[in-house]
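Below is one structure, written out as structure tokens; comments come after it.
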Number of protein chains: 8
Amino acid sequence: MQKIQKMSARTRTVAGMTAGLALVGGVVGVSAAQAAPAAPAAGKAASAVRQVTVLRTDAAMRIADAVQKEAAKQNQRVAVAIVDRSGDLRLVVKGDGAGPQTVESARRKAFTAVAFGQPTSRLAGNATGNGPTVKDIPGTLFLAGGVPVASGGAPIAGVGVGGAPSGAIDEAIAQAGLKAVQGQLG
Amino acid sequence: MQKIQKMSARTRTVAGMTAGLALVGGVVGVSAAQAAPAAPAAGKAASAVRQVTVLRTDAAMRIADAVQKEAAKQNQRVAVAIVDRSGDLRLVVKGDGAGPQTVESARRKAFTAVAFGQPTSRLAGNATGNGPTVKDIPGTLFLAGGVPVASGGAPIAGVGVGGAPSGAIDEAIAQAGLKAVQGQLG
Amino acid sequence: MQKIQKMSARTRTVAGMTAGLALVGGVVGVSAAQAAPAAPAAGKAASAVRQVTVLRTDAAMRIADAVQKEAAKQNQRVAVAIVDRSGDLRLVVKGDGAGPQTVESARRKAFTAVAFGQPTSRLAGNATGNGPTVKDIPGTLFLAGGVPVASGGAPIAGVGVGGAPSGAIDEAIAQAGLKAVQGQLG
Amino acid sequence: MQKIQKMSARTRTVAGMTAGLALVGGVVGVSAAQAAPAAPAAGKAASAVRQVTVLRTDAAMRIADAVQKEAAKQNQRVAVAIVDRSGDLRLVVKGDGAGPQTVESARRKAFTAVAFGQPTSRLAGNATGNGPTVKDIPGTLFLAGGVPVASGGAPIAGVGVGGAPSGAIDEAIAQAGLKAVQGQLG
Amino acid sequence: MQKIQKMSARTRTVAGMTAGLALVGGVVGVSAAQAAPAAPAAGKAASAVRQVTVLRTDAAMRIADAVQKEAAKQNQRVAVAIVDRSGDLRLVVKGDGAGPQTVESARRKAFTAVAFGQPTSRLAGNATGNGPTVKDIPGTLFLAGGVPVASGGAPIAGVGVGGAPSGAIDEAIAQAGLKAVQGQLG
Amino acid sequence: MQKIQKMSARTRTVAGMTAGLALVGGVVGVSAAQAAPAAPAAGKAASAVRQVTVLRTDAAMRIADAVQKEAAKQNQRVAVAIVDRSGDLRLVVKGDGAGPQTVESARRKAFTAVAFGQPTSRLAGNATGNGPTVKDIPGTLFLAGGVPVASGGAPIAGVGVGGAPSGAIDEAIAQAGLKAVQGQLG
Amino acid sequence: MQKIQKMSARTRTVAGMTAGLALVGGVVGVSAAQAAPAAPAAGKAASAVRQVTVLRTDAAMRIADAVQKEAAKQNQRVAVAIVDRSGDLRLVVKGDGAGPQTVESARRKAFTAVAFGQPTSRLAGNATGNGPTVKDIPGTLFLAGGVPVASGGAPIAGVGVGGAPSGAIDEAIAQAGLKAVQGQLG
Amino acid sequence: MQKIQKMSARTRTVAGMTAGLALVGGVVGVSAAQAAPAAPAAGKAASAVRQVTVLRTDAAMRIADAVQKEAAKQNQRVAVAIVDRSGDLRLVVKGDGAGPQTVESARRKAFTAVAFGQPTSRLAGNATGNGPTVKDIPGTLFLAGGVPVASGGAPIAGVGVGGAPSGAIDEAIAQAGLKAVQGQLG
């Protein structure tokens, strides 16, 4: 997760220069795999396609397994959801005893994290105020508990966790899930 | 309702230690019937199933009947809804003359109460602020009038009432409904 | 509209005694036609039915016609919607050049006015604050421009207008619509 | 229920004269309470309102209670729903062990029965064919188990039951529910 | 309505030459106002805009009024809906006593008529079969009762009527509505 | 899966006696855990609650893992979904390369299997005909690939698989998933 | 875009005189093409139709092309959407690497800009406060990045851009899109 | 398009061996880029990610441009939509004068083509019958006019066209769109 923290440092600078409604998506700008998509590599002139890095299903299941194990260790009942950069739902696992709101909550946190390339806890500031904010964008949820999965400096998926009594616990459990694929995202 | 009040005392302590977005779900932690679902009882190794306590339909109808009678006594026109811990809608009764918004209002209050294991009136604090709050979670409504049904220390259902001129009246009517099953939830 | 103003005076007193989340539905309490539905009139013991007053279709059309004429006089492009106390949509007329948001806006104002028995402009106070408010109830819209149609002291329909540059103008146009059925609601 | 059977006899004649897509709504034509709404009674000239007969909430609850008791007697697990002629949802009770599809199934059968003024079992013929049929109308379901509640010769509500292994059983249970208000619909 | 009948004659020929799934939209090909939109008239080179003929709101209200009057004359309870060629909902009027399914039914018939430029009764053949047909397109309804409003040979709006015991009656009532704007569509 | 086959034998007999629209839910009738919910066991008089058997989350994950492994072995790209008897979504895993329709397809097959207590392949007969069938019930899908999870003779969950070139393969893969919890459902 | 700026100057004055909930739609009042629709031009008495100016498809594509080129120049990944004054969706182009939230975000900004006839950045003030505001109208989004397309002084379409790290950048890119049709909107 | 025809030949054989409900997705089995995703290439052990080929935005726009030009040449008014293999909507362009149903129609054809890896015209057989078929899967539409975009033998996107008087014309126009990226999909 070191890469993401470096990215977010840069991002906050960018966000600091913009208005209160700024979308913190600048992290995508430094990505390798998905950067500069408008300029095809030389020697592949006029190609109609490009390559996109996506999370493998078995990796998604390892994340979900790690999430549920960490939740059990912390005696929490949570749901976990994983969403692709395309917005595609890849995985949902609702833990025993998790509340009826947890699946949708987890799904939206995952969506928000991959959409803006930041943990939802860091995005909350941009979603604060009594005028228009990013909170108004359909499908988002800016409560803590959503974390992006990054590859080559760009967000490729989001992991969302919901159900613990605080968003901080949800996020810690989500981060434990990310550890299950650490070093395998290169 | 004594059990719930004891739980909520503990919960508020927990919530007090967490950030403003904290989900007040800690009550589940002390539950007997649904606690520690990740650790199957010894002697039942590797069981793929567990037992969950749910409200009986006739009990739900007794609650609804008590709600409508209390509403009539108070000269109010309300709808009542009952939702399971799974989120499943178990009952809706819309009283004579109740407004067009009351069914959905009651349903969401019931959903919120069973999701967070607290009367919605006590959850309102967590749903206040001009940044992200639990109010942003789809399906919830944090107006007073939703109360959880607890069994073994865990929320198993929510009862929601909508239509009175104040949430406090809605909640009093919902509590009158809960009395109809008092002592039968053990 | 005199009756409604008297009702709302009483209502505001009631609301003043309740918390910030109070639903201003007290007006229904004084209704004749729909009052005390839980107690069937003597001599009709155990009847399974009751009578409800609803707006006639030709009256709805006269309201819509008056709304569009007043809008033309004021050089405004508006939509008008009429909703029953049951929530049933009875009429929509979108004026020439009215914006794409006006139909849904008008429909929700009408819904809100008949749900709470008050012009939406008077309900705005109850929908203000950064905690839970009636604004969170699905289907509502608390912008000015929605007015209830009352019969026998109870709201039987709502008229909503949307599209003018201010809610005050929308409301004035809606009131002009109500005049078309003045004295015919007894 | 005698009245409805007489109505349906007449209706089938009417339907027989129309094309395969005919909506069997002719029963409404003979209604007293709601008939000829476009022609206000003399002496009440230019009234903007009319009276509509609706099912009382306590009657709806008696129907639901009778439905669940009959279902228990027949060892069936069903949901029951009641819908007004306006389409307004008045009641839902999901029985213990009823399947996840039963609430929506019951609701749509109730909707269909009150919409067309006939038991859904008798409407099935109009919903048959491989071209357009009434089955294509949103919100309807033409499986047996929906029955209209009639007052003054017109449908004022629909009762729908879902969950038994055959629609015929669902309908028998729904009819048992109707008996609970027999003689009280005049 | 003569023009439309001529159009449909030509259309049926076209349809006869195509497969069973053929969309009968050929009528649009002969339109003046909206024909050949890809080729801007000389002397207006590179214009970014074009003119579209739409139904006026007062005309829509005259149609609705004529529909409800004809329905009253025939002792039918119907809803009428009018939809623009853009799909925009322009008008809904639900008649006294019309069933809960009639508004959506009328809306979809109107949508279908303006989408395919034919009365829905004539389109039913294209919506018949046990494989894919135009019936599968969301928002459509191929029951009789929807008629297009044509101007300059092209459909500019659709009028849909629902609620009579047969689609043929619905269509006759819709045609009576169209007469209210006869000779004013040039 | 032996128990289910015995159940279905009995069920087909029941279904054979009913009309073409018969819902094959009779299997529930022989259940132990959820049977006869309307009659509380003696000595627990007037209890407001009952116990329901649900699938544990770790069991759901073992099923999903087995499904994806079997799919890989057969070189298929599928999604798997698991739904509770309450209709609650418990798990979704979309395999690498699975099509965009597979998640919803799997979810509906799972819903249908647990709703009717039979593999969807056996229910297809009840969903056949050009009149109303169970296919018309919202949320269902009667393509092969959905199988119920039974405990104590009653369906407690459904497993749905979508994405293989035939429903028969989807079902075989789903059955492989069920094997992962064989002998643990008692 | 000069015309729009002049309009908005006038509009802000109007808005300044109204309450906080004022809809800034006054600009429409000065339009030529769509003004005063209620008064048909003399000599065309009782016409049932009127002419509306709409954006041509090729112009929409030129706008989208210019948007994506400007985004590439600024190294941003955005979606662009174009919506008619009728609310009709005319175009969506999602750029390579744009986030999953961008299409809906762009669509709503476009909707909002054409609905209120102003860039969304200028409307934000009207959408600020902790009571009811225009933000509550369904389908709207008041983040910067939506700009109206005006013809004859009236908004005929909206262009929305979403995906850049700040709304200001989104708006600049949208304005670059508008330049592609400059001088062709007369 | 040669590759796709070879694929479909193989597919039809596969489909021929399966039941009537068979999903024709076998084409994916021969893909290079997305084949055998469950088995990571040696030397990249335990990687959590994989590469997916997606259509570039500029290619999508070239397809849309070619579609609209071909439609103009054939004097047709159509909408075109492009959907990724993930189900992500990439592009919508609604042509001048295209009907209100064309955007959703085009979107669903595109979705269906990329989901099953075949032109929708070839899939129609699998969607025929009066029992359950693939037609019942949400989001699909099996009318002709949807064609897959293939790269490396696997479907990576779908192009859908709607609005012509027959599906055959829609498909021919969609194929003309595909030609715009011919030889650039390697």
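Naming convention: chains lettered A, B, ... in sequence-line order (proteins, then strands); numbering from 1 in each chain.
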Query raised in the report: Stepwise, does the side chain to side chain contact (heavy atoms under 4.5 Å, CB included) test hold for D:I156 with C:V49?
Result: CA-CA 9 Å; D:I156 64 164; C:V49 296; 3.5 Å; yes
Query raised in the report: If you take all heavy atoms of C:T53 and D:Q51, which pair is closest and at what distance?
Result: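 C:T53 and D:Q51 have their closest heavy atoms at OG1-NE2, 3.0 Å.
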Report summary line: Scanning both residues in full, the closest heavy-atom pair of D:R56 with C:S47 reads CD-O, 3.0 Å
Query raised in the report: In terms of heavy-atom proximity below 4.5 Å to chain C, should D:S86 be classed as side chain, backbone, both, or neither?
Result: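 For D:S86, heavy atoms of backbone and side chain both lie under 4.5 Å from chain C.
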Query raised in the report: Out of D:V181, D:L55, D:T57, which one racks up the most heavy-atom pairs below 4.5 Å with chain C?
Result: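 Of the options given, most contacts go to D:L55.
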Report task. State which residues pass side chain to side chain donor-acceptor pair (under 3.5 Å) with D:K73; sequence neighbours excluded, sorted by chain then number. Result ->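 For D:K73, no residue satisfies side chain to side chain donor-acceptor pair (under 3.5 Å) once neighbours in sequence are set aside.
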